[in-house]
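Shown next, in structure tokens, is the structure this report addresses.
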Amino acid sequence: MKTIFTTAMRNAAKLAQSQHVAEATRAIQHALGGRDSARSPGPQPAGNLRRIEPEAGARPAESEPPIAGNASAAWGELRPPRGLSRAARSLGEVLTQVRRANRPGLAPSTKPLRKSPIAPPVPEGAAFLTRTFSCAAGSRDYKVYLPSHVIGRKRPLIVMLHGCTQDPDDFAMGTGMNLLAEEQGFLVAYPRQPATANHSACWNWFDLKDQMRGEGEPCIIAGITRAIMAEFDIDAKRVCVAGLSAGGAMALIMSATYPELYAATGVHSGLAYGLATDLPSAFAAMGGNTSPVAKAQRKARPRGARVRTIVFHGESDRTVHPSNAGLIFADARAGFPGAAQETQHGRSAGGRAYTRTLIRGALGVVYVEQWVIEGLGHGWSGGRPEGSYTDPDGPDASREMLRFFLSSASRS
């Protein structure tokens, strides 16, 4: 069944690449329907999704990349990769939501997807506040962490965009960013994507209206950023945005559409700006294929001011193909012609080898930085096991991003 399913999805990807949109969509729907019909109609067991039908003495099957079922669930991460922390929802539940999303007249469920079972610790004198921002483009809840010690100067702000099936608490726990905020005295904001906006709580990076300045989710996230800047004593030259997976793709959209607002961008396991504009192109992009139409649209898009960018990606990522990191790196580097490139190799304390590539200006400022990590799947490198989609063995992405963000307030 796995071979049949995988072959069907590869055929769908080929159709998407050749711009046979309707045929690709039907192939995806047929593959999903056939896979589910081969199983018991009852609810699927939760837990480790690598073993669909475990047998005595059998080894876990190799993980498969998630399938984009429709535009509102195209980024559904079905399970954490090998070696990562908590598992996502059961495959049966995700596929059920995918099929429902393809039926006209059924609105997204309002039931929360998941709440982190462990609330992030809040030291005495600190606060982890919940707020709501509303504008013409829509409304989103968000959380903002205020460290306990107040420094007598304007403080940096890091906007963190979670991945699919995550929430602010989960993302804060997994990245450990609140702990760094307490240590170094900056604020952290976590916008929340609700299930009403996307079945899997993914940021809609593949939807055209959510890729434009002044519209959709970019408008809302920019509004949240400005609201926090207005309420608290924030250094406008040190406002940065970062994200994981779908959140990483949205972080790039934010820096592309609001370059005056963000001094730097962090992208972990994400995709390049404008790489997809609908379901088939999203599905193809996640698999490492860019359709001719998407390529043409990317070339035609106006490019604003360049924003310093740091990229993390695992070589063993089976959810978002590692080639996507190269596209992000190339896009970011193009904004800084004449800068020198240097490559470093190292190994994390947890034993993961990595290659670090830097694009450095004449004054020593690193404009672009890329970390490619051996053996890392689809998860936050160096993350804490209390959160989902983390790999504690990798280099500490949170600390490295923070170092990159705060190393220079230059807006080259």
Side-chain angles (χ1 to χ4, degrees), residues 151-161 175 177 180-181 183-189 213 222 225-226 229 233-243 248 251-268 270 272-274 298 301-313 324-348 354-373 381-382 395-412:
I151 302 174
R153 57 182 171 80
K154 290 182 177 294
R155 291 174 290 181
L157 168 66
I158 312 298
V159 179
M160 297 287 288
L161 302 176
T175 61
M177 197 61 79
L180 291 176
E183 173 187 310
Q184 302 194 32
F186 60 92
L187 274 66
V188 195
R213 182 185 179 98
T225 304
R226 290 181 176 132
M229 294 174 67
D233 197 18
I234 300 299
D235 183 351
K237 293 183 178 180
R238 294 192 293 171
V239 176
C240 305
V241 60
L252 281 171
I253 290 173
M254 295 310 301
S255 63
T257 55
Y258 293 89
E260 80 287 356
L261 190 57
Y262 302 103
T265 308
V267 186
H268 204 313
Y273 172 55
R298 277 169 53 77
R301 282 180 181 271
R303 298 293 179 177
R306 293 294 177 172
V307 176
R308 297 174 61 240
T309 304
I310 182 169
V311 184
F312 277 78
H313 215 114
N324 286 285
L327 290 175
I328 299 170
F329 180 78
D331 280 354
R333 182 180 181 177
F336 304 101
Q341 177 173 322
E342 61 183 88
T343 302
Q344 303 171 358
H345 300 278
R347 187 174 296 272
S348 69
Y354 61 82
T355 299
R356 180 186 178 205
T357 306
L358 302 94
I359 303 300
R360 192 188 302 272
L363 299 179
V365 176
V366 176
Y367 298 130
V368 187
E369 186 169 327
Q370 180 186 38
W371 293 66
V372 177
I373 303 159
S381 179
D396 190 341
S398 296
R399 192 172 289 275
E400 295 295 344
M401 281 189 184
L402 183 63
R403 183 259 316 154
F404 179 85
F405 290 162
L406 304 185
S407 61
S408 174
S410 172
R411 290 179 178 273
S412 302

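In terms of heavy atoms, L327 sits closest to A272 at CB-CB, 4.2 Å. The two atoms that bring P259 and A256 nearest to each other are CD-O, 3.7 Å, heavy atoms only. Across Y262 and A222, no two heavy atoms sit closer than the pair OH-CA, 3.9 Å. The two atoms that bring R306 and D331 nearest to each other are NH1-O, 2.9 Å, heavy atoms only. Looking at every heavy atom in both residues, G361 comes nearest to Y367 through CA-CE1, 3.5 Å. Between H313 and A325, the shortest heavy-atom distance links the atoms CB-CB, 3.6 Å.
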Between Q370 and R356, does a side-chain contact (heavy atoms from CB on, under 4.5 Å) hold up when you go through it step by step?
CA-CA 6 Å; Q370 180 186 38; R356 180 186 178 205; over 6 Å; no
Stepwise, does the side-chain contact (heavy atoms from CB on, under 4.5 Å) test hold for I234 with V239?
CA-CA 8 Å; I234 300 299; V239 176; 3.7 Å; yes
One pair to check against side-chain contact (heavy atoms from CB on, under 4.5 Å): V365 and R360. What are the steps and the verdict?
CA-CA 6 Å; V365 176; R360 192 188 302 272; over 6 Å; no
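Note that CD of Q344 is 5.0 Å distant from CG of L358, once rounded to the nearest 0.5 Å. Rounding to the nearest 0.5 Å gives a distance of 12.0 Å between CZ of R399 and OG1 of T175. Taken to the nearest 0.5 Å, the CE atom of M254 stands 9.5 Å off from the OG1 atom of T265. Interatomic distance, L402 CG to M177 CE, rounded to the nearest 0.5 Å: 6.5 Å. S348 OG to I373 CD1: the interatomic distance, rounded to the nearest 0.5 Å, is 8.0 Å. From I359, atom CD1 reaches atom CD of E342 across 8.5 Å, with rounding to the nearest 0.5 Å.
Geometric assessment of R308 against the ring of F404 yields a positive cation-pi assignment under the 6.0 Å and 45° thresholds.
At a threshold of 4.5 Å between non-hydrogen side-chain atoms, the residues F186 and L157 do not count as touching. The shortest distance between side-chain heavy atoms of M160 and V188 falls below 4.5 Å. Annotation: side chain of F312 is not in contact with side chain of V372 (no heavy-atom distance under 4.5 Å).
Using a distance-only test at 3.5 Å, with no hydrogens or angles considered, a donor-acceptor pair links the side chain of T309 to the main chain of V307. R238 contributes no side-chain N or O that, together with a main-chain N or O of L406, makes up a donor-acceptor pair within less than 3.5 Å. No donor-acceptor pair under 3.5 Å is formed between the side chain of R226 and the backbone N or O of L261. At least one donor-acceptor pair under 3.5 Å links the side chain of H268 to the backbone N or O of S381.
Take T257 and apply the side chain to side chain contact (heavy atoms under 4.5 Å, CB included) test, not counting sequence neighbours, and it matches R213, P218, I253, Y273.
Test L161, I310, L252, N324 against V267 for side chain to side chain contact (heavy atoms under 4.5 Å, CB included) and you get one pass: L252.
A salt bridge does not link E369 to R333: none of the charged nitrogens lies less than 4.0 Å from a carboxylate oxygen. For E260 and K237, the salt-bridge test fails: no basic side-chain N is under 4.0 Å from an acidic carboxylate O.
Relative ring orientation between W371 and Y354 is described as tilted, the plane-to-plane angle lying within the 30° to 60° band.
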